[in-house]
A.B. asks: 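Got a structure here, written out as structure tokens. Questions coming.
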Amino acid sequence: MLQLQVLRQNAQAVKDRLAKKNFRETNLVDEIIALDDERKKLQLESDNTQAKINSASKEIGQLMAKGQKEEANKRKQEVAAYKNTLQPIADKLSETEKLLNEKLVLLPNLPSEKVPAGKTPADNVVMREGGNKPTLPSDAVPHWELIKKYDIVDFETGAKITGSGFPLYKGKGARLQRALIQYFLDYNTAAGYTEYLPPLMVNEATAYGTGQLPDKEGQMYYMQADNFYMIPTAEVPVTNIYRDEILKEESLPVKMTAYTPCFRREAGSFGADVRGLNRVHQFDKVEIVQLVHPDKSYDVLEEMVSHVENLLNTLELPYRILKLCGGDMSFASALTYDFEVYSAAQQKWLEVSSVSNFETFQTNRMKIRFKGADGKSRLLHSLNGSSLALPRIVACLLENNQFAAGIKLPAVLHNYFGALSIS
RNA sequence: GGAGAGAUGGCAGAGCGGUCUAAUGCGGCGGUCUUGAAAACCGUUGACCCAAAAGGUCCGGGGGUUCGAAUCCCUCUCUCUCCGCCA
């Protein structure tokens, strides 16, 4: 959620930046400012009336103590009159506040200066590539055939148990998931991230905090009986750890990592792009989240990018890093880098991580603040990224490292997996 | 699931209808003393709305009673104790 004061300070600049994100309803900005003016006016009226009620009530107490009942009764009538005028003001005030909030949450975050212009994924800017694309044998096959050959993921049985898009990992496939999770968490904690294992279902307030509600309701699985949502990413419960808190400046930066399964309904997705592990309803992911001083967030963003990049390097996978253009960025982000790995048999780039700076967009909703040296509270900046999402990493590992007798695994996984290869 | 108790400032904890602008203790910050520190003593110490002042709001959330609510009533959420069930 954008800060009102930012809109008020320079409405035109806000509109220009929203346009960069392909956001067309810029008249919302003016509507919001008008509503805020209205709100202030009503607030003042309400405060003044309330002040009169308060002082009259105090007098009544004093008059009663002195036994001056008649005078007290006169005051009571005055208060009753004030309350009659207060009621409609208070109603209008809360109505205005509600409307203001409803409109405010419709505005996406402002893209940072560094965001390239553009409308579609084709306009994203490739920052750099790393790793080597392998030369595959002529009989190389995509991962959905490899998983059958080695019997490590069973989609049919997953569909029997739950439904399509719920993979059942088996034997070495299950072991590989565990090895990757363990390795990623070790890698993150070695870099100073504190490990968490959060709840996998969240309440409404939490889903609202990171921006899944009110808009993206349909993307989450919903438990009607208890009004809980299955998390689409660990970002949701982990960032909410500090909701409504004011941190001490010396406790910054807050660095957190968590492994969780992620649940996504992704209604309407089908076709070749979703074959095999490319897109599923339940998948494993290790996430990193940071809460940092506003002056440092863009340095931290770069630091997180190289953190993820180094992790991909150790997996010996070919990758590229994209800076997303305005039109392809998420609603909440101010600047996003996507990581893609090259899946050699599909001859496709697959997104495995997205690292973003949200600036104050999330922390404003969640009221995550810190107290500066001047004693004033300010909003922190929040950032997060995948480190990493598993299914597409697995797809890529399988496809790129296939040879006649099996799948070679990168050295860094040997101990975690307990073998050099899958056969 | 059943019965009971509770939710107050960073923490502990008093207040149970009108100087609550919330006692007191701890912690934090500043000072006196000290070479420095500790101890002792003195002072200070939350958040939010408003450009600011004035003013207002906030004692788990929401609603109500009352001229007036931290205090009384209803409701929801959460915590604790006991019982039941359970990996």
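Since we're looking at a predicted model, the values are computed, not measured. Naming: A, B, ... by sequence-line order, numbering from 1 per chain.
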A.B. asks: Taking G56(B) as the reference, what is the distance to A7(B) when you measure between their C1' atoms (whole Å, please)?
C.D. replies: 26 Å
A.B. asks: Both distances under 3.5 Å, Watson-Crick or G-U wobble: report the partner of A53(B), or none.
C.D. replies: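 Across any shown strand, A53(B) pairs with none.
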A.B. asks: Looking only at side chains, do Asn54(A) and Gln50(A) share a donor and an acceptor under 3.5 Å apart?
C.D. replies: yes
A.B. asks: Determine which nucleotide pairs with C58(B), using a 3.5 Å limit on both distances of a Watson-Crick or G-U wobble pair.
C.D. replies: G46(B)
A.B. asks: Between A69(B) and U19(B), how many Å separate the two P atoms, rounded to a whole number?
C.D. replies: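 Going atom to atom, P in each nucleotide, I get 11 Å.
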A.B. asks: Side-chain donor-acceptor pairs under 3.5 Å in residues 407-423 of chain A, sequence neighbours left out?
C.D. replies:
from      : atom 1 : to        : atom 2 : distance (Å)
His414(A) : NE2    : Leu409(A) : O      : 2.8
His414(A) : NE2    : Pro410(A) : O      : 3.4
Tyr416(A) : OH     : Asp186(A) : OD2    : 2.5

A.B. asks: Return yes if some donor-acceptor pair links the side-chain N/O of Arg264(A) with the main-chain N/O of Pro232(A) below 3.5 Å, else return no.
C.D. replies: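 Here the side-chain-to-backbone pair exists.
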A.B. asks: In whole Å, measure the gap between the C1' atoms of U71(B) and C59(B) for me.
C.D. replies: 10 Å
A.B. asks: Check whether Asn109(A) reaches the backbone of Phe361(A) with its side chain - one donor and one acceptor, N or O, closer than 3.5 Å.
C.D. replies: no
A.B. asks: Across the strands shown, which category fits Lys371(A) at heavy-atom distances under 4.0 angstrom: base, sugar-phosphate, nothing?
C.D. replies: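 If one applies the 4.0 Å heavy-atom cut-off, Lys371(A) turns out to touch the sugar-phosphate alone, with no base involved.
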A.B. asks: Please measure how far the C1' atom in G28(B) lies from the corresponding atom in G9(B), and state the result in whole Å.
C.D. replies: 13 Å
A.B. asks: Counting only Watson-Crick pairs (N1-N3 plus N6-O4 or O6-N4) and G-U wobbles (N1-O2, O6-N3), all under 3.5 Å, who is the partner of U19(B)?
C.D. replies: none
A.B. asks: Give me the distance, rounded to whole Å, that separates C16(B) from G6(B) when you measure between the P atoms they each carry.
C.D. replies: 15 Å
A.B. asks: Quick one: which residue pairs count as a ring pair (Phe, Tyr, Trp, His ring centres under 6.0 Å) with a foot in residues 17-36 of chain A, not counting sequence neighbours?
C.D. replies: none
A.B. asks: Are any of the side-chain nitrogens in Arg178(A) or Asp284(A) under 4.0 Å away from the carboxylate oxygens of its partner?
C.D. replies: no
A.B. asks: Using salt bridge (Lys or Arg N to Asp or Glu O under 4.0 Å) as the criterion, list what pairs up with Lys172(A), not counting sequence neighbours.
C.D. replies: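 Here no residue qualifies.
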A.B. asks: Walk along RNA chain B from 5' to 3' and tell me the first and last nucleotide with an atom closer than 4.0 Å to a non-hydrogen atom of chain A.
C.D. replies: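 First-to-last contact on RNA chain B, by the 4.0 Å heavy-atom rule, is G18(B) to G68(B).
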A.B. asks: Without placing hydrogens or testing angles, list every side-chain donor-acceptor pair under 3.5 Å for residues 392-400 of chain A, not counting sequence neighbours.
C.D. replies:
from      : atom 1 : to        : atom 2 : distance (Å)
Arg392(A) : NE     : Asn278(A) : O      : 2.7
Arg392(A) : NH1    : Glu351(A) : O      : 2.8
Arg392(A) : NH2    : Asn278(A) : O      : 2.9
Glu399(A) : OE1    : Ser343(A) : OG     : 2.9
Glu399(A) : OE1    : Ala345(A) : N      : 3.0
Glu399(A) : OE1    : Gln346(A) : N      : 3.0
Glu399(A) : OE2    : His143(A) : N      : 2.9
Glu399(A) : OE2    : His143(A) : ND1    : 2.8
Glu399(A) : OE2    : Gln346(A) : NE2    : 3.1
Asn400(A) : OD1    : Ala344(A) : N      : 2.9
Asn400(A) : ND2    : Tyr342(A) : O      : 2.9

A.B. asks: Can you check the distance between G46(B) and C42(B), where both ends of the measurement are the C1' atom (answer in whole Å)?
C.D. replies: 23 Å
A.B. asks: Of Ala51(A) and Lys58(A), whose closest RNA chain B nucleotide lies nearer the 5' terminus?
C.D. replies: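 First, find each residue's nearest nucleotide; the 5'-ward one identifies Lys58(A).
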A.B. asks: Both distances below 3.5 Å, Watson-Crick or wobble geometry, any strand: find the nucleotide opposite A3(B).
C.D. replies: U81(B)
A.B. asks: Write down the distance separating the C1' atoms in U75(B) and A22(B), rounded off to the nearest Å.
C.D. replies: 26 Å
A.B. asks: Which residues in residues 7-14 of chain A have a heavy atom closer than 4.0 Å to any atom of RNA chain B?
C.D. replies: none
A.B. asks: Run the salt-bridge test on Lys248(A) and Glu250(A) with the 4.0 Å N-O cut-off and return the result as yes or no.
C.D. replies: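 Answer for the salt bridge query: no.
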A.B. asks: Would you measure the distance from the P atom in A14(B) across to the matching atom in A52(B) and give it in whole Å?
C.D. replies: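 Straight-line distance between the two P atoms is 38 Å.
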A.B. asks: Would you mind pulling out the nucleotide paired to U24(B), Watson-Crick or G-U wobble, both distances under 3.5 Å?
C.D. replies: A12(B)
A.B. asks: So that I can tick it off, tell me whether Lys160(A) and Glu156(A) are bridged by a salt bridge, with the cut-off set at under 4.0 angstrom between side-chain N and carboxylate O.
C.D. replies: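 So Glu156(A) does not pair with Lys160(A) through a salt bridge.
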A.B. asks: Judged by each residue's nearest nucleotide on RNA chain B, which is more toward the 5′ side, Lys76(A) or Asn54(A)?
C.D. replies: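 Result: Asn54(A).
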